[in-house]
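Bear in mind that the values here come from a model prediction, so they are computed numbers and not experimental data.
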Amino acid sequence: ALAGGHTVDAAEPAFGLCVLGAASLGAVKRNVGGKPGDRLILTKPLGAGIVLAAAKHDVAPPAVLDVALDSMATLNAVAAEVLSRQAFVDAVHGLTDVTGFGLCGHLLEMLRPVPTTEPEAAQEPSVAGLQPAAPLAVHARLCRSLPVLGGVPQLVAEFGRVVVPGAAQNNREWLESRKATPVLPADADLEFLNAILFDPETSGGLLAAVDPSEADALVAALLREGVPATDIGCLTHPVGAAIEVM
């Protein structure tokens, strides 16, 4: 059976593939299960959606587009191999990729508790494609200095909403409907932060909730393998805003 998929509204034709495989149940990491105190490790910089939108409007400098294309063409295989090493596999409590629903969309899923229902009795997905609202097990605190692709801050500063994909607004509205709109610091560049937090990534990186005792070692191991990993924040007990940028 094929579960999930994409809904695309675009002038350009699109071609998609479905890849099926098998894995040992014990080797599968779920996009829930993070614990208070866990560090949030991201393995690729953000902003691919912004660069692609800029390219559609012919305002993306070639060097900026090349960097984004290189990032999108880089598989998550190396990062996944490091995360699954014996030294780290038990420290990774939750894991997801950051793609079309943006950093905050996929992060919100990670804040949910581990489901107690059997797979065949699982809840029906929401219209947006993510799981429906549920009480959160943890909250998230993000660093304001999030890793972004080169040239992205300049594109947002110069062209503003022109380079912000329409799907970013959809992502924001989805979080608003879940009462999980990120709380941002008043002294931050709000236009830029909003653009990055909701940017629909294409071939984005992995986001892992990692036991704090192993987080630094994991980031170091990823960097040694050429993965541009960054510690972008932490999980907390569910107090205050679900997602807050510090």
In the structure I gave you, are the side-chain heavy atoms of [X] and [Y] within less than 4.5 Å of one another anywhere?
X    : Y    : value
V245 : P185 : yes
V148 : F192 : yes
D231 : L42  : no

*Using a strict 4.0 Å threshold on nitrogen-to-oxygen distance, state whether R85 and E225 make a salt bridge.*
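Salt bridge: yes.
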If I take atom [atom1] from residue [X] and atom [atom2] from residue [Y], how far apart are they, to the nearest 0.5 angstrom?
X    : Y    : atom1 : atom2 : result
I196 : L146 : CD1   : CG    : 7.5 Å
F101 : L175 : CZ    : CG    : 11.0 Å
R161 : E191 : CZ    : CD    : 8.0 Å
H139 : L111 : NE2   : CG    : 7.0 Å

*Stepwise, does the side chain to side chain contact (heavy atoms under 4.5 Å, CB included) test hold for L136 with R112?*
CA-CA 5 Å; L136 301 179; R112 295 179 295 118; 4.2 Å; yes
*asked:* Is it the case that the side chain of T230 and the backbone of P147 share a donor-acceptor pair, with hydrogens and angles ignored and the cut-off at 3.5 Å?
replied: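 Pair absent, no side-chain N/O of T230 close to backbone of P147.
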*Sub-3.5 Å donor-acceptor pair from the side chain of K29 to the main-chain atoms of V89, do we have one?*
yes
*Test Q154 against E158 for side chain to side chain donor-acceptor pair (under 3.5 Å), laying out the working first.*
CA-CA 6 Å; Q154 292 78 12; E158 184 172 355; over 6 Å; no
